[in-house]
Structures are given as C-alpha cells and as structure tokens.
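Basis for what follows: all heavy atoms, side chains included, without hydrogens, waters or symmetry-related copies. Whatever order the structure lists ligands and atoms in, that order sets their numbers, starting from 1.
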Amino acid sequence: MQSPESGHVLQSLADPSQLRGMSPAELSSLAAELREKMIRTVRVTGGHLASSLGTVEITLALHRVLDSPRDRIVWDTGHQAYAHKLLTGRFERFHTLRQLDGVGGFPRRSESVHDVFDGGHAGTGVSIAVGLAAARDLRPSGDPASRQRIAVCVGDAALQSGLTMEALNHLGDTKHRLLIVLNDNEMSISRSVGGLSTKLNKLRLTPAYQGTKSATQRVLPRIPIIGPLLFNVLAFAKEGFKRSWAKVGFFEDMGITYIGVLDGHDVAEMEQVFERAFALPGPVLVHVKTLKGKGYAPAELDSVSFHGASLPPIDLCLIDPTEEPLPPETEGHRRPKSYTATFAEELVRLAAEDDRICAITAGMPTGTGLARFAARFPQRFFDVGIAEQHAVTMAAGLALGGRRPVVALYSTFSQRAYDQLVHDICQNDLPVLLAIDRAGLVGEDGTSHQGMFTLSAQRSLPNLVIGSPKDEQELRDMVVTAMQREGPISLHYPRDPGEGLADRDGEPLEIGRGEVLRSGGDLLLVGFGPIVQRLLHVADALQDDHALAATVINARWAKPLDERLIAAQAVGRRLVVTAEESAAMGGFGDGVLDALNRAGVRVPLLKVALAEGFVHHGAVDDLRRQQRIDAAGIADQIRDALGLAAPEVPAQAGESPSASASAA
Ligand SMILES: Cc1ncc(C[n+]2csc(CCOP(=O)(O)OP(=O)(O)O)c2C)c(N)n1
C-alpha cells in the first residue's frame with residue numbers, strides 16, 4: 001500500500017458529501033489514507049482490523065451514492081465500519097477507539113447522525129433496513145423522506161444467520177426498495193461455513209465473475225442515466241451477469257434481484273451498479289467480493305488473527321517504509337492460561353475418554369477455544385456458523401440421540417438462543433452443557449458485548465444448574481461435573497486469564513455445595529465466580545484498615561444455591577455482602593436475599609453487582625473501577641454500607657454505586 005501524507009485528504013473532509021466531488025485518483029489515495037489511519041490506530045487500541053480494511057471501497061461507494069444522513073447506511077454487526085466512522089466526523093478522535101469515553105468500536109447513534117443503529121451482534125442489519133424501508137414506505141408520497149435511499153452492508157457469514165434469513169424472506173415478499181450489499185470475503189472470523197457459503201463460492205467461481213469487470217465496463221457506459229433506465233438496468237444485469245444469473249435462484253426465488261459478482265475494491269464499478277440498483281422497484285442484493293484485511297499484508301494472509309480484539313503486533317514498516325520495523329519477538333511476560341483455554345483443554349481430555357461428547361460453536365471456533373477440540377475430534381465438532389439458536393437446539397437433538405453435547409457461546413451471543421434454552425433444553429431436561437464464555441465485563445467491545453444479562457435470564461429456568469468457578473482449576477472440576485450430570489447445566493466463566501495455577505485434571509464437585517475459603521466473625525462475603533478472588537483481597541483490606549474479620553464463601557453454584565451454608569453463616573453478621581460480575585437485577589445477590597428471607601435470617605445485605613444500565617467500552621480494569629466492583633471499589637461499598645470512613649489513602653472512587661443495601 002502506498003503511504004500518502006498521513007491524514008492529507010481525510011483530515012480535511014468535513015462531511016461525506018464531499019466525497020462526491022473527488023476524482024478516482026483522489027479516492028484511491030483516500031482509501032490508502034483510511035487504511036493507514038486504521039492500522040496505526042488499531043495497532044495501539046486493538047479492534048476489528050481485517051473486516052474494516054476490507055470494506056473501505058464499499059464505504060466510499062455507498063457514501064458517494066447515498067446522501068447520508070438523509071439516506072441511511074446500515075452496517076450489519078458494525079465491526080467493519082471504521083472507514084464510515086472516519087468519513088463521518090470521527091477522524092480527530094479516532095485514536096480513542098474502544099477506550100473509556102472514546103469512539104466506540106461499532107456504530108453508535110450518540111456519536112454521529114450518520115450512525116443508524118447501535119449494533120454489535122451479527123445478522124441484525126437486514127432486519128433493521130427492512131424496518132427502515134417499511135417506515136419510509138408508510139410516509140405520504142409528497143414527503144421528501146419517502147424517497148429516502150436505504151442500504152445495508154452485510155458480510156457473507158452474517159448473511160447466513162437465521163435473523164438475516166428471516167428478514168430476506170420477509171423482504172422478498174414485501175418488495176421494499178432497498179440495497180443489500182453482500183460483502184463476501186469468504187470469511188466469518190474463521191472460514192465461512194455452510195451450504196449457502198458453498199453456493200456463494202460457486203457464484204464466485206462461475207465464468208461470469210471472471211468476465212464481470214469487462215462486461216460492466218463494456219455495457220455500463222452505454223446506459224443512459226434517465227428515461228429507459230429501468231429497462232437498461234435489467235438489460236445490463238442480464239448482459240453482464242447472465243451466466244451467474246441462472247444460478248442465483250436462492251435470492252431471486254425469494255423475490256430479491258441479485259446482481260453479482262462485482263469487485264468490492266473497485267469504487268467506480270460498485271457506484272454505477274448501486275446507482276442503478278436504486279432505480280429498480282424492489283429489493284436488490286449486490287454481491288461484491290472483497291479481500292478481508294486488504295492493505296496490510298499479514299492481515300490479508302491471516303485474517304483470522306487480525307479479525308478481532310487482541311491482534312498480533314502490527315508492523316508499521318509494512319505500510320510506511322520510513323517506520324522502524326518491529327523489534328524481534330522477546331520472551332515477554334506470559335499471561336496465565338485463560339479460562340477459555342482451560343475449558344477447552346479439559347473438554348478435550350474428557351472427550352478422549354468418552355466418545356459421546358460433542359462440541360458445537362456458532363462461528364467462534366477460535367474465540368471459544370473449541371478449535372482445539374475440532375483438531376482432535378473433527379467428527380464430533382460442529383461449527384454451525386452465526387446461528388446460536390440452531391446451535392442450542394441442535395445440541396438438544398444430539399442429546400436426544402444419546403450424545404453429550406457441549407455448546408460454547410459467548411455470554412452476550414447466548415442471549416439470542418434464550419428460547420432454545422428454555423423450550424428445547426430445559427423443558428426437555430436434556431444433558432447439555434452450555435459453556436458461557438466471556439461472562440462478566442469484556443471491555444473494549446462495549447455495550448453490545450458485555451456478558452452481564454445471561455445469569456439473571458437463566459436463573460428462573462427449571463432444571464438448569466448454573467455454576468461459575470472461582471479459578472480456572474475449579475472450571476475443570478465443573479466441566480467434569482457437568483459431563484456426569486443427566487440434565488442441563490450452564491457454566492459461566494470470564495474472558496480473563498486464570499490465576500496461573502498449575503494444571504491438574506478436574507474432579508467432580510457436589511452440585512449446590514459452596515465452600516468457606518476463610519473465616520471471621522464480623523462480615524460474610526459471598527461470591528459467585530472469579531470475583532471471589534477480589535473478595536479475598538477485600539477481606540484482607542477490611543482486616544488491615546478496620547480490624548473487621550470476614551468469612552468468605554465461594555458459592556460455586558447460583559442454582560441450586562447452597563442455602564443452608566449461606567443462611568447458617570449469615571446469622572449475627574454486621575453485614576452480608578454478595579458479589580457477582582453481572583446485572584444486579586435478578587442476579588446471584590437476589591438469590592441469596594431470597595434464601596435468607598426463606599430461612600428467616602434478618603441481616604443487612606449489600607449486593608455488589610453491575611449497576612442497572614449498559615456498560616460502555618473501555619479497558620476491563622477501568623470499567624470495574626467505574627462500576628466499583630474492583631477490590632478497592634467493593635471495599636469502599638462495604639465501608640459506605642457500614643458508615644466507616646475511607647482509609648488515609650483513598651481508593652479511586654467510581655461513578656454511581658451499584659449496591660443496594662436492604663434488610664433480609
Ligand atoms: C450474534 C453474533 N454472533 C457472533 C458474533 C461474533 N462475530 C463478530 S464478526 C463475526 C464474523 C462476521 O463475518 P462476516 O459477516 O462475514 O463479516 P466479515 O468480518 O467477514 O467482514 C462474528 C462471528 C457476533 N458479533 N454476533
């Protein structure tokens with residue numbers, strides 16, 4: 001990639017409408033600038049680099065054809081929208097990407113009028129666009145907004161999600177005028193999977209694709225802009241794409257005009273086709289082929305590693321020869337093994353002994369650690385694509401078929417499969433392990449990705465056991481326990497590294513039995529999950545600062561709760577404190593409160609949990625401080641509840657307290 005004078009054109013752009021006056025040479029230099037800005041920023045902040053590098057030209061073409069914000073550009077998922085952000089007023093602040101109070105990693109309406117929808121979850125884009133189109137088409141014809149152009153850019157993996165399929169099916173019937181840009185890079189985070197993916201492959205390989213460009217160049221200039229435009233668009237489509245046309249029954253059968261396959265890095269070609277697509281009366285899907293990671297060679301070669309949050313080191317001299325090359329790799333500080341890796345390791349160990357064990361991921365084999373399982377047991381591994389609902393119901397089917405299925409989902413994405421958990425797994429009382437990864441705060445991905453609602457949502461479900469380990473070794477024990485249970489079980493563990501404990505095989509635990517980790521007569525601290533480690537520090541601090549002795553319980557199970565242990569330990573305490581890294585409402589603390597009420601134990605109770613509301617992006621440590629659920633914040637909350645003064649060197653205070661003190 002050429003290195004333009006950094007920020008030369010980009011910095012001077014006040015509004016995306018200025019793109020329309022640019023020459024092809026200026027556009028190509030702007031594309032290079034956009035990529036350089038992204039690479040330099042993400043090198044420091046982390047982020048969805050490969051996806052955003054791949055959509056630069058789509059973004060330019062869309063912003064030249066559509067008049068945003070009067071027209072609307074929707075980004076499915078929203079992880080590929082960095083160019084859009086840079087072109088719509090966020091250049092100056094872009095260095096704050098994903099940081100606390102900085103620019104978010106996904107479109108956010110609070111940031112810009114050009115952002116249509118606060119996204120983050122895949123497969124939402126087409127439904128949003130259909131809704132916008134339906135709203136537009138309800139307007140009276142005299143209303144200028146009734147002529148609004150609406151486009152949605154969706155990736156080939158998000159296209160396959162159930163939600164997108166439902167939207168396409170509906171759209172084909174309702175015939176709203178809408179442009180769907182299918183950004184096909186053949187990749188999800190890992191390689192795209194599934195029958196539709198195979199179909200798209202065939203389309204790409206069809207001779208029409210090879211000849212597309214010349215056909216477009218040959219035919220388009222001859223098409224007049226006005227008058228018989230519609231006829232000509234169709235003529236163009238048929239002329240230029242007729243060989244693939246015959247094979248695109250999938251979209252056409254649903255009532256959506258298909259045009260493809262275009263070069264997704266050719267702004268002029270896409271612009272011409274988008275312009276003409278809007279002249280058609282109904283929905284049009286334009287299939288473009290892009291290279292994920294384009295413009296940064298390592299990301300082009302390995303888009304899996306450069307997809308998401310934690311990227312390999314970025315070598316600036318690959319985009320700018322004046323930059324120093326990366327220093328050779330040093331044996332830096334090694335982070336302790338993550339909960340994710342420990343989970344996968346234990347599962348593989350068990351699966352080697354029990355061939356009933358199967359594992360399912362919904363498009364996240366690397367993120368969930370299941371790639372390790374896939375490598376060892378390819379026959380028993382299923383990547384179903386971005387299809388969380390299917391993943392969970394398929395697990396029910398596997399269980400009915402005599403298998404021991406494990407579905408590993410990020411907490412936030414498991415929300416999509418709630419009914420499948422209720423109706424298919426719990427109602428049928430099936431032995432399925434739901435491995436809920438990224439439980440708790442995940443940090444820089446922000447509101448759409450925090451794992452903070454799943455625990456409350458699951459607590460009311462009959463038959464379901466819910467556990468969360470205090471450390472990575474206890475996670476091994478819980479996986480063993482889960483595999484021995486003849487019913488559904490959900491294990492919640494965080495994105496964090498573990499405690500760095502030595503590896504050992506897991507051992508079964510008694511479900512519903514917690515453990516006392518330390519004893520003291522004044523306070524009772526009860527934690528669910530790794531937050532228990534923070535409670536141990538809190539107990540030390542309260543002892544040192546106020547000579548308050550605390551008993552610390554590792555609850556292990558939110559359901560069934562060890563009511564007997566907790567109630568017995570709670571009697572006579574100055575304060576009982578519950579702690580969880582999850583939404584306060586309906587969470588673990590509420591379970592303890594109910595249990596104490598049932599047992600007739602009257603004692604003040606402080607719930608430490610996430611305050612009501614969404615938690616924005618930022619480093620996890622910053623967010624924990626802000627929420628007062630880091631060790632210092634928890635100690636402060638306890639002092640507040642007891643009316644004690646802070647110690648001499650005050651801990652950093654966060655925003656609003658998430659605690660509620662009440663009598664049980
Ligand atoms: C419901 C849901 N499941 C999983 C994810 C995690 N995720 C983020 S991007 C992505 C892959 C998207 O692939 P595609 O739509 O083809 O876009 P690309 O990144 O290839 O441009 C996945 C699985 C998500 N954001 N939402």
Ring geometry between Phe373 and Phe381 (parallel below 30°, tilted from 30 to 60°, perpendicular above 60°) |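 Aromatic pair Phe381/Phe373 classed tilted.
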For the residue pair Tyr258 and Phe251, does the interplanar ring angle fall in the parallel (under 30°), tilted (30 to 60°) or perpendicular (over 60°) class?
->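 Because their plane-to-plane angle is under 30°, the rings of Tyr258 and Phe251 count as parallel.
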Please list, by chain and number, the protein residues whose heavy atoms come under 4.0 Å of ligand 1.
->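 Contacting ligand 1 under 4.0 Å are Ser51, Thr77, His79, Gly120, His121, Ala122, Gly155, Asp156, Ala157, Ala158, Asn183, Asn185, Met187, Ser188, Ile189, Lys292, His307, Gly363, Met364, Ile386, Glu388, Phe413, Arg416.
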Between His48 and Phe106, is the gap from one ring center to the other below 6.0 Å?
->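 Yes, close enough.
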For this output row, return yes or no: ring centroids of His449 and Tyr410 closer than 6.0 angstrom.
->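 Centroid separation for His449 and Tyr410: 6.0 Å or greater.
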Any chance you could measure Phe382, atom CZ, to Leu370, atom CG, to the nearest 0.5 Å?
->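 Rounded to the nearest 0.5 Å, the CZ-CG separation comes out at 12.0 Å.
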So with a 6.0 Å cut-off around CE of Met585, is the heavy-atom count from everything else above 12?
->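 12 or below, so no.
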